[in-house]
Structure formats: C-alpha cells, structure tokens
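Report on one structure; see the data block that follows.
Source: prediction; values computed, not measured. Excluded from the calculations below are hydrogen atoms, water molecules and symmetry mates; all remaining heavy atoms, backbone and side chain alike, are included.
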Amino acid sequence: MSLFKKFTKIFGGDAKPASKPTSPQPPQGTAVTAQLNHKLMPIDRGDRYEDPLNDELTKHGFGETDGGGTMMSKTKEIEFIDVEMYLTQPEKSIPFVIERLESYGAPKGSKLIVRDGDKRTEIPFGKAEGIGVYLDGNNLPDEVYKTCDINVVIAELNKLVQGHGSFQCYWQGPTETALYIYGDDAELMKKLIEPYLAMYPLCKGARVVTIAPRPPA
C-alpha cells in the first residue's frame, strides 16, 4: 500500500530562438569523481552539490562539474550518488572540493576518486552522519494505513531531531518506506526519535539503520 501521495512537478520556460550548433570543447583538467554516501534524488543532488560546487569551481578557476549519477540497489533504493568534475591545480582544488562538499552536508563514507592516467587514488571524506527509518508498508492493519499520515511522521521526526539533523529524502520500496535523516550524531538521533516510533501506529515495527557512517561489512 502506498504511503505517499503522488506529486508532479512541471517545469517551464520562455522559448528561445534556435541557434547554430557548436562543437563542445573537450574538458580540461584532472578527472575526479565525488562518490557521496548520501541517499538523494537527482534534483536534490543537483541543488545541494552539483550546482553550488560548479559555481565555486568556476569562480576560483579550479575547473567545473560534469554531471552526476545515482547508483541503485536491486530494489531501486539509492546506494550512493556521484558528481563528476574536471579540476585544474589539483594540489589546491582537491582540498577545496572536499571542504566545499563537507560544508554542503557530505556524509561520512564518501570518497573522492582521482584519476591520473592509469593511476587511481581514493580520498575518504565526509562529516555528517545519517539514519534510515524503515516503515512497514504491508503488514500493519489496514486501519493504520487509512488513518495515519506519513507526512505527520516526517514533521514529527524533523521536530525531534531539530538542532542535530533533518529529514532529507525518502524511498518507497515493495515492502517498506524509508525516511532518511542526516545530522551530527546518528546514535543521538536514534535516541531522540525512539519514543515517538514506539508510540505512533504507522511506525510499529520500524527498523532504524545507521546509513552514515556505513555499518561494517
């Protein structure tokens, strides 16, 4: 049973006159990928990471971003996201990129992948911690799904972790719906929301998992 209502976002803009196609210039600089341990939708990825980072890189003459991607599991849950970029002055731009991404909220378990010819270097980074609250989407009484509102859950969790974190995204799978919360201390956020999860009917049997830092394999 779906816990979320379906929302549609329509984008529009002014029509522009056609122009002659131009040949794109090949990217310059060192190829770098920021693999972010952050479960975000593509639009959120662009707003939080790609767009502001590109502005900062071009402003300082350190290069530019070159798109991004999303890695999903077999159940279509987001595992991680990435941002591609080409950097000049890598001795300066690489520390700059890490500092910027952490300031945007990059979680622990993220890494910067630097490619220099056949050489590949991975640099771990990230400061935020995160938890996933997995709600049972199938096995609760029908009356619970009819009378409870997941938006109420999100609002209450946000209130409970205020000052330490915030709800940032969700995933709806075949049997569960996950709410992703990121902040400064995963264990503290778990404790703050525990009483509410035990009380609200829609949260009965919910699983709470640390997603940043990643649990040991």
Side-chain angles (χ1 to χ4, degrees), residues 9 11 24-73 77-132 157-158 161-171 178-189 209-215:
K9 198 168 187 178
F11 295 89
Q25 294 295 318
Q28 301 294 318
T30 301
V32 176
T33 301
Q35 188 179 108
L36 297 148
N37 182 29
H38 207 160
K39 299 179 186 292
L40 290 181
M41 297 294 187
I43 291 177
D44 297 324
R45 181 192 70 222
D47 290 343
R48 179 180 285 267
Y49 292 113
E50 291 175 54
D51 296 342
L53 181 61
N54 189 65
D55 290 344
E56 290 290 332
L57 290 176
T58 55
K59 175 182 175 182
H60 289 84
F62 285 158
E64 61 183 348
T65 59
D66 190 41
T70 303
M71 176 62 71
M72 294 185 175
S73 68
E77 182 178 11
I78 294 173
E79 293 190 344
F80 61 82
I81 59 175
D82 58 37
V83 177
E84 305 286 346
M85 65 198 82
Y86 287 90
L87 301 180
T88 61
Q89 307 178 63
E91 68 285 352
K92 294 181 180 179
S93 58
I94 287 175
F96 177 82
V97 165
I98 291 174
E99 186 277 328
R100 288 288 84 202
L101 293 176
E102 288 181 339
S103 76
Y104 302 153
K108 294 176 179 178
S110 301
K111 59 185 177 182
L112 212 63
I113 303 169
V114 183
R115 299 175 182 84
D116 185 6
D118 294 333
K119 183 180 178 182
R120 171 188 166 114
T121 304
E122 295 188 0
I123 306 171
F125 71 98
K127 292 184 177 180
E129 299 191 359
I131 60 175
L157 296 184
N158 247 339
V161 300
Q162 187 174 10
H164 294 282
S166 64
F167 164 80
Q168 295 185 13
C169 197
Y170 75 91
W171 164 75
L179 308 178
Y180 304 126
I181 301 170
Y182 293 88
D184 56 17
D185 188 325
E187 293 306 313
L188 174 59
M189 291 189 293
V209 179
T210 300
I211 53 178
R214 294 181 184 275

Keeping the roles fixed (side chain from Thr88, backbone from Gly61), state whether a donor-acceptor pair exists under 3.5 Å. yes
With a 3.5 Å cut-off and no angle check, do the side chains of Thr33 and Arg115 form a donor-acceptor pair? yes
Atom pair CG (Leu112) and CG (Asp82), whose distance is rounded to the nearest 0.5 Å: 11.0 Å
Is there side-chain contact between Tyr180 and Trp171, with at least one heavy-atom pair below 4.5 Å? yes
Considering only NZ, NE, NH1 and NH2 on the basic side and carboxylate oxygens on the acidic side, decide whether Glu102 and Arg100 come within less than 4.0 Å. no
Side chains of Ile181 and Val161, heavy atoms from C-beta outward: is any pair under 4.5 Å? yes
Looking at side-chain heavy atoms only, is the closest gap between Ser166 and Tyr182 below 4.5 Å? no
I need the Gln35 CD to Ile81 CD1 distance, nearest 0.5 Å. 10.0 Å
For Met85 and Thr30, run side chain to side chain contact (heavy atoms under 4.5 Å, CB included): C-alpha distance rounded to whole Å, both residues' side-chain angles, the deciding distance at 0.1 Å, then the answer. CA-CA 8 Å; Met85 65 198 82; Thr30 301; over 6 Å; no
Minimum heavy-atom distance between Gly163 and Asp184, given as atom pair plus value: O-OD2, 4.0 Å
Under the side chain to side chain contact (heavy atoms under 4.5 Å, CB included) criterion, do Ile94 and Ile123 qualify, and how do the steps go? CA-CA 10 Å; Ile94 287 175; Ile123 306 171; 3.9 Å; yes
Whether the side chain of Asn37 engages the backbone of Lys108 through a donor-acceptor N/O pair (distance < 3.5 Å, no angle test) should be reported. yes
Any Val114 side-chain heavy atom under 4.5 Å of Lys119 side chain: no
Parallel under 30°, tilted from 30 to 60°, perpendicular over 60°: which one fits the rings of His60 and Phe96? tilted
Is a side-chain N or O of Thr58 found less than 3.5 angstrom from the main chain of Asn54, in a donor-acceptor match? yes
With side chain to side chain contact (heavy atoms under 4.5 Å, CB included) as the test, would you mind laying out the steps for Thr121 and Ile113 before giving the verdict? CA-CA 6 Å; Thr121 304; Ile113 303 169; over 6 Å; no
Find the distance between OH (Tyr49) and CG (Asp44) and round it off to the nearest 0.5 Å. 10.5 Å
When you compare the side chain of Arg48 with that of Leu40, does any pair of heavy atoms fall below 4.5 Å? yes
So CG of Leu57 and CD of Glu64: to nearest 0.5 Å the spacing works out to 8.5 Å
Short question: side chain of Arg45, backbone of Gly69 - any donor-acceptor pair under 3.5 Å? yes
Candidate list Lys39, His38, Glu79, test side chain to side chain contact (heavy atoms under 4.5 Å, CB included), partner Ile211, passing option: Lys39
First locate atom CD of Gln162, then atom CG of Leu157, and finally report the distance between them rounded to the nearest 0.5 Å. 13.0 Å
Rounded to the nearest 0.5 Å, what's the gap from OG on Ser93 to CD on Glu56? Could you check? 13.0 Å
Between Leu36 and Phe80, the two heavy atoms sitting closest are O-CB, 3.3 Å
Flag, side chain of Asp185 to backbone of Leu188, donor-acceptor distance under 3.5 Å: yes
Compare all side-chain heavy atoms of Pro124 with those of Glu122 and state whether any distance is below 4.5 angstrom. no
